[in-house]
Structures are given as structure tokens and as C-alpha cells.
Amino acid sequence: MKISKQAQREARQLFRSCQMDGLLDENQIRKAVSLVLEKKPRGYVGILSRLHRLVKLDLQGRAARVESATALPADQQASVTDEIKNKYGKGVNISFGQNPALIGGLRIQVGSDLYDGSVKTRLEKLEQSF
């Protein structure tokens with residue numbers, strides 16, 4: 001579906017108005033969506049679809065996944081959490097998981113950024129160099 005430039009502009013304005021201290025406020029988003037649905041301005045479907053896309057991208061950019069071969073001790077989890085929050089801000093949702101295929105090291109993905117310091121990746125790169 002093609003969205004008009006005006007609808008894109010209005011969706012960005014709505015998105016910006018729903019941010020408090022650089023973080024999205026869920027209640028503000030709900031109010032904005034209900035207001036748009038109530039008033040039904042021209043191109044409101046495009047506005048809502050673009051707003052949905054912006055919110056989805058923001059949520060993905062604030063989700064961090066940390067994988068290790070074995071469970072990380074609490075002090076290492078706290079250290080990794082502090083480093084991620086220093087780099088990406090306090091609104092990052094961090095989840096920890098185990099992936100035995102990594103063999104060792106860490107694999108951290110925050111939004112579209114990937115930091116892979118795993119042994120598996122290093123071995124694959126070494127294999128490709130031959």
C-alpha cells in the first residue's frame with residue numbers, strides 16, 4: 001500500500017509526540033491511535049500503518065539479546081547490562097539466553113547491530129580463510 005507524503009509526515013509527528021525523554025510512552029500511543037480513529041482524517045489508514053511501522057522499529061531497536069554457550073553468572077550479566085545501557089540508553093530491554101553451539105564467548109544483538117565474539121564464528125572465519 002502506497003502512503004502519501006502527508007500521511008507519512010503526520011505519522012512521524014504523532015510518533016515524536018508520543019515520546020517522553022526519548023522513550024515511547026505506551027499510553028500516549030494508545031491515545032494517539034484512538035484519536036486518529038475517532039477523527040478519521042484523510043489518509044488515516046496510511047497514518048496508522050506508518051505509525052505502526054515506526055513503533056515496531058523503535059521496539060526492535062530497543063531489544064537486546066545476549067547469548068552465551070553457558071549461563072552467565074549474575075556479576076557478568078550485570079556488567080554486560082551496564083555496558084549495553086551505557087551505549088544504547090536506559091530504555092533497552094535485555095534478555096539473556098544460552099546457545100551451546102557458540103562453544104564460547106558472547107553474541108549480542110541490539111536491534112540491527114550484532115556483536116559476535118563467539119568461538120564458533122571465529123572458527124568459521126578461520127575455515128573460510130583456507
Side-chain angles (χ1 to χ4, degrees):
M1 175 170 106
K2 186 156 170 106
I3 300 171
S4 71
K5 289 184 180 184
Q6 179 65 30
Q8 290 179 21
R9 204 172 308 122
E10 290 177 16
R12 279 193 305 268
Q13 288 173 349
L14 272 175
F15 180 76
R16 279 190 227 112
S17 70
C18 293
Q19 291 181 330
M20 301 289 179
D21 299 325
L23 300 174
L24 274 181
D25 185 7
E26 186 176 333
N27 292 328
Q28 291 287 69
I29 289 287
R30 288 186 179 157
K31 287 178 188 177
V33 168
S34 63
L35 185 66
V36 170
L37 286 173
E38 180 183 308
K39 291 192 175 190
K40 294 186 180 181
R42 183 175 194 183
Y44 76 97
V45 174
I47 294 170
L48 291 176
S49 67
R50 179 59 121 192
L51 181 62
H52 178 264
R53 182 174 184 272
L54 291 171
V55 169
K56 188 171 114 177
L57 287 172
D58 186 70
L59 290 176
Q60 287 175 351
R62 297 195 178 279
R65 174 85 176 144
V66 179
E67 292 181 335
S68 60
T70 60
L72 290 178
D75 60 332
Q76 285 184 339
Q77 282 188 4
S79 174
V80 169
T81 299
D82 290 342
E83 289 296 322
I84 291 172
K85 288 188 177 187
N86 284 342
K87 183 165 178 105
Y88 290 96
K90 59 185 174 186
V92 178
N93 299 322
I94 303 171
S95 63
F96 290 88
Q98 294 178 6
N99 184 355
L102 295 179
I103 304 170
L106 289 177
R107 183 177 188 271
I108 303 171
Q109 183 167 4
V110 183
S112 61
D113 296 339
L114 178 64
Y115 304 97
D116 196 343
S118 66
V119 173
K120 177 185 173 187
T121 302
R122 291 180 187 170
L123 288 173
E124 287 173 354
K125 286 182 181 177
L126 182 65
E127 181 183 37
Q128 290 173 357
S129 69
F130 287 116

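Please read these numbers as outputs of a predicted model, since none were measured by experiment.
By the rule that hydrophobic residues join a cluster once side-chain heavy atoms approach within less than 4.5 Å of another member, V55 and L35 end up as members of separate clusters. Hydrophobic clustering, with ILVMFWY side chains joined whenever heavy atoms are under 4.5 angstrom apart, keeps F15 apart from M20. Under a hydrophobic-cluster definition in which Ile, Leu, Val, Met, Phe, Trp and Tyr are linked whenever side-chain heavy atoms come within less than 4.5 Å, directly or via other members, L106 and V92 are assigned to the same cluster. Clustering ILVMFWY residues whenever any of their side-chain heavy atoms sit less than 4.5 angstrom apart, transitively, puts L54 in the very cluster that holds V45. Residue L24 is grouped with residue V36 when hydrophobic side chains (ILVMFWY) are merged at heavy-atom distances under 4.5 angstrom, including chains of intermediate members.
No side-chain heavy atom of L102 sits under 4.5 Å from any side-chain heavy atom of V119. Contact of the I108 side chain with the R65 side chain is not registered, since no non-hydrogen atoms from C-beta on lie closer than 4.5 Å. By the 4.5 Å heavy-atom criterion applied to side chains, I47 and Q8 are not counted as neighbours. At a threshold of 4.5 Å between non-hydrogen side-chain atoms, the residues K40 and E38 do not count as touching. The closest side-chain heavy-atom distance from S95 to V66 is not below 4.5 Å.
With a 4.5 Å cut-off between side-chain heavy atoms of Ile, Leu, Val, Met, Phe, Trp and Tyr, the cluster of L114 takes in none.
Minimum interatomic distance between I3 and S49 (heavy atoms only, all atoms of both residues): CD1-OG, 3.4 Å. Between G61 and V110, the shortest heavy-atom distance links the atoms O-CG1, 4.0 Å. L23 approaches G91 most closely through the heavy-atom pair CD2-CA, 3.6 Å. The two residues G46 and A7 come nearest to each other via the heavy atoms C-CB, 4.2 Å.
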Practice task
Report the C-alpha separation of E10 and Q6 in whole Å, then their side-chain angles, then the decisive distance to 0.1 Å, and conclude whether the side-chain hydrogen bond (donor to acceptor under 3.5 Å, both in side chains) test is met.
Solution key: CA-CA 6 Å; E10 290 177 16; Q6 179 65 30; 2.7 Å; yes

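Here the CD atom belonging to Q60 is positioned 12.5 Å from the CG atom belonging to N93, to the nearest 0.5 angstrom. Atom OH of Y44 is separated from atom CG of L51 by 14.5 Å, given to the nearest 0.5 angstrom. Rounding to the nearest 0.5 angstrom, the gap separating the CG atom in D25 from the CZ atom in R30 is 10.0 Å. Separating the NZ atom in K125 from the OG atom in S129 is a distance of 11.0 Å, to the nearest 0.5 Å. Summarising the geometry, atom SG belonging to C18 is positioned 11.0 Å from atom CG belonging to D58; distances are rounded to the nearest 0.5 Å.
Residues satisfying the salt bridge (Lys or Arg N to Asp or Glu O under 4.0 Å) test with R9, not counting sequence neighbours, are none.
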Report all side-chain donor-acceptor pairs from residues 69-86 shorter than 3.5 Å, counting only partners two or more places apart or in another chain.
| residue | atom | partner | partner atom | Å |
| --- | --- | --- | --- | --- |
| Q77 | NE2 | L72 | O | 3.4 |
| T81 | OG1 | Q77 | O | 2.7 |
| N86 | ND2 | D82 | O | 3.3 |

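Under the 3.5 Å distance criterion, the side-chain polar atoms of D116 are matched with a main-chain donor or acceptor of S118.
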